[in-house]
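As structure tokens, the structure follows; a few thoughts come after it.
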Amino acid sequence: MAFLPVEEQLEIIKRGTVEIVPVEDLVEKLKRSVKENKPLKIKLGVDPTRPDLHLGHSVVLRKMRQFQDLGHHAILIIGGFTAMIGDPTGQNTTRPPLTEEEVAENAKSYIEQAQKILDTTKLEIVNNNDWLGSMSFIDVIRLTSKTTVARMIERDDFSKRFNNNEPISLHEFLYPLAQGQDSVHLENDVELGGTDQKFNLLVGRQLQKDSDIEPQVCLMMPLLVGTDGSAKMSKSYDNYIGIDENPNDMYGKSLSIPDELIYKYFELVTDVPLEELPGIQEKAESDPRNAKHDLAYAITKLYHGEEAAKGAREHFEQTVINKQVPDYAPEYPITAGEVVRILDIISDLNFSSSNGETKRLIKQGGVSIDDEKVSDIGLELTLESGEEKVLKVGKRKYAVLKGA
RNA sequence: GGGGAGAUACCAAAGCGGCCAACUGGGGCAGACUGUAAAUCUGUUGUCUUACGACUUCGUAGGUUCGAAUCCUGCUCUCCCCA
């Protein structure tokens, strides 16, 4: 296929990118690629520890996709070997290493999800266990001799942990080397990663140089801030929007991000055309409410299609704005005439983690039946056959109580 | 190898024999206000119990005591200093 002119490619590549080190090398590589009609090898390493992908992961995956669309060759590395070490990046404590079986299973699930973003028909998938796993101890020692302790602790998370008197296990130093060795093995032109990966990516560049391979260009994408507006998006902070999430939740969660993030999200996790971005930035400031709805729509559409996005918007208007009961509310059957405690109903529905919490919710006015706040902790109810009541717990948990 | 310090709830951090289910801050949850935004105010945040109260919890296993997060001993883990 014919490649786009270098300038046009660059513009697409630079979207949302924090840093390209060094950008001149990328220009050179692109020029040569166009001239020789030869795709660049783009490397992205993924850690198969947590297989649930969310929009945070999508940032760098989307960048990968953009390279694919530009005609370049995408290589996804499953960090089967490195996962057994545990990437220290961003961890304040050492990660538990995974077994080979877990890795295989997680990798499978990862790829399944990633195909919502990547073009898997044109994707090369490799496992770094294939080459790292067979290295001998002497190979490893030679590898370690290529860098120094001072360089290692110069890395941000290490120096922080070091200064905070937190433990750093020796094996964690090997992680960047292992990742760098991947680049030596693949001889890739570009490696993608989050800004937190900068150090690791640069190690790859250095190791390639040492092995007389043309060094890779490191391209860093920002870490997407989660829906809470402060920490990076992560499952463990529960501030994430999963790419597998149902349209309604996806839409709703997208709306719950702080206003300041609207533009960033448009830039990083949607496919709105480059030329529309300036207009969006303006709208995000002048009319954040609607801009955010546009965003929620765009995100939902990306993963579920136009119809579902429309449905999610209607659903939102219906339930939140007009305060109607969502149609997915679970039904809770109650035998006609039977006396049931409200406490038990909520517990059965898993709407609260303990009876103590339920009582607290009731005391604070967080529970209502048919729009009427429940004030009595010990409330018991009975339903006639066919009778229905709507139970609401907290902000957005609904159930339909149905006499049967 | 030698010496010293430490391990408390989601996180940080007080408490150092009974008044401790454990101060305080952050986070979370709920209410008011709103745009499922922010800011603000209020309440709440171990389990069971309508409640009184009961039970489990302060790295881990034992011990001392009427009584332990607090004292003693073993163990595990971490940090610092020296070599």
Next on the checklist: Around atom CD of A:E387, are there more than 12 heavy atoms from other residues, nucleotides or ligands closer than 6.0 Å?
Outcome noted: yes
Checklist entry - Applying a 3.5 Å limit to both distances, which nucleotide forms a Watson-Crick or G-U wobble pair with B:U34? => result none
Checklist outcome for this item: Checking B:A30, B:U50, B:A32 against the side chain of A:Q364 (C-beta onward), the nearest is B:A30
Item to check | Separation of the P atoms in B:U45 and B:U36, to the nearest angstrom | outcome: 29 Å
Checklist entry - Around atom NZ of A:K116, are there more than 12 heavy atoms of other residues, nucleotides or ligands at under 6.0 Å? => result yes
Checklist entry - Considering only side-chain heavy atoms of A:P167, which listed nucleotide, B:G35, B:C79, B:A32, is closest? => result B:C79
Checklist entry - Of the candidate nucleotides B:G31, B:U50, B:A37, which contains the atom at the shortest distance from the side chain of A:I377? => result B:U50
Next on the checklist: Using whole Å, what does the distance between atom P of nucleotide B:C80 and atom CD of A:E166 come to?
Outcome noted: 11 Å
Checklist entry - Going by atom types alone, do A:Q179 and A:S183 pair a side-chain donor with an acceptor below 3.5 Å? => result no
Next on the checklist: When the C1' atoms of B:G17 and B:G67 are compared, how many Å lie between them, rounded to an integer?
Outcome noted: 8 Å
Checklist entry - Using 4.0 Å as the upper bound for N to carboxylate O, is an ion pair formed by A:D52 and A:K235? => result yes
Checklist entry - Does A:S354 have a side-chain nitrogen or oxygen under 4.0 Å from the phosphate oxygens OP1 or OP2 of B:C48? => result yes
Item to check | Minimum-distance nucleotide to A:K359 side chain [options: B:U50, B:C48, B:A30] | outcome: B:U50
Next on the checklist: Taking donor-acceptor contacts at under 3.5 Å, does the side chain of A:R396 reach the base of B:U36?
Outcome noted: yes
Next on the checklist: Closer than 4.0 angstrom, basic N to acidic O: yes or no for A:R65 and A:D271?
Outcome noted: no
Checklist entry - Looking for any heavy atom pair under 4.0 Å, which part of the strands does A:I257 touch: base, sugar-phosphate only, or nothing? => result sugar-phosphate
Item to check | Whole-Å P distance, B:U44 and B:C52 | outcome: 15 Å
Item to check | Parallel, tilted or perpendicular, as decided by the 30° and 60° cut-offs, for the rings of A:H293 and A:F316 | outcome: perpendicular
Item to check | B:A22: pairing nucleotide in any strand, Watson-Crick or G-U under 3.5 angstrom | outcome: none
Item to check | Among B:U50, B:C80, B:G31, the one nearest A:L343 by side-chain distance | outcome: B:U50
Next on the checklist: Within the 4.0 Å heavy-atom criterion, would you say A:K253 contacts the bases, only the backbone, or no part of the nucleic acid?
Outcome noted: nothing
Checklist entry - Looking only at atom C1', what distance separates B:G6 and B:G15, rounded to whole Å? => result 16 Å
Next on the checklist: Without decimals, in angstroms, what is the distance between A:E357 CD and B:U49 C1'?
Outcome noted: 17 Å
Checklist entry - Around A:K283, counting heavy atoms of other residues, nucleotides and ligands shown, do more than 12 lie under 6.0 Å from its NZ? => result yes
Item to check | Base paired to B:C71 (Watson-Crick or G-U; both N/O distances under 3.5 angstrom) | outcome: B:G63
Checklist entry - Atom CG of A:D228 and atom P of B:G26: how far apart are they, to the nearest Å? => result 16 Å
Checklist entry - Hey, does A:G366 reach any base, or is it just sugar-phosphate, or nothing, if we go heavy atoms under 4.0 Å? => result sugar-phosphate
Next on the checklist: Between B:U49 and B:C55, how far apart are the two C1' atoms, rounded to whole Å?
Outcome noted: 11 Å
Checklist entry - Does the base of B:G35 carry an N or O that pairs as donor and acceptor with the side chain of A:D259 under 3.5 Å? => result yes
Next on the checklist: If I pick the P atom on B:U8 and the same atom on B:U70, what distance separates them, to the nearest angstrom?
Outcome noted: 13 Å
Checklist entry - Rounded to the nearest Å, what distance is computed from the OH atom of residue A:Y265 to the P atom of nucleotide B:A37? => result 14 Å
Checklist entry - RNA chain B: A:N355 or A:H315, which has the more 5' nearest nucleotide? => result A:H315
Next on the checklist: Under 4.0 Å, counting only non-hydrogen atoms across every strand here, what does A:P288 touch: a base, just sugar-phosphate, or nothing?
Outcome noted: base
Checklist entry - Roughly how many Å is it from NZ in A:K283 to P in B:A37, rounded to a whole number? => result 19 Å
Checklist entry - Looking only at atom C1', what distance separates B:U65 and B:A5, rounded to whole Å? => result 28 Å
Next on the checklist: Expressed as a whole number of angstroms, how long is the span from A:R360:CZ to B:U49:P?
Outcome noted: 15 Å
Item to check | Complementary nucleotide for B:C79 - Watson-Crick or wobble, under 3.5 Å | outcome: B:G4
Next on the checklist: Using a heavy-atom cut-off of 4.0 Å across all strands, would you classify A:G356 as base, sugar-phosphate, or nothing?
Outcome noted: sugar-phosphate
Next on the checklist: Without decimals, in angstroms, what is the distance between A:K292 NZ and B:U36 P?
Outcome noted: 9 Å
Next on the checklist: For a quick test of reading the model: is some side-chain N or O of A:N290 closer than 4.0 Å to OP1 or OP2 of B:G35?
Outcome noted: no
Item to check | Proximity to the side chain of A:S256 - top-ranked nucleotide from B:U49, B:A30, B:U36 | outcome: B:U36
Checklist entry - Pick the nucleotide of RNA chain B nearest each of A:D249 and A:K392; which residue has the one closer to the 5' end? => result A:K392
Next on the checklist: By nearest atom, which of the nucleotides B:G31, B:A30, B:U49 is closest to the A:L361 side chain?
Outcome noted: B:A30
Checklist entry - Is there a donor in the side chain of A:Q197 and an acceptor in the side chain of A:E191, or the other way round, less than 3.5 Å apart? => result no
Checklist entry - What interatomic distance, in whole Å, is found between P of B:U60 and the corresponding atom of B:A51? => result 30 Å
Checklist entry - Tell me: CD of A:E380 to C1' of B:U50, nearest whole Å? => result 10 Å
Checklist entry - Base, sugar-phosphate, or nothing for A:K397, non-hydrogen atoms under 4.0 angstrom? => result nothing
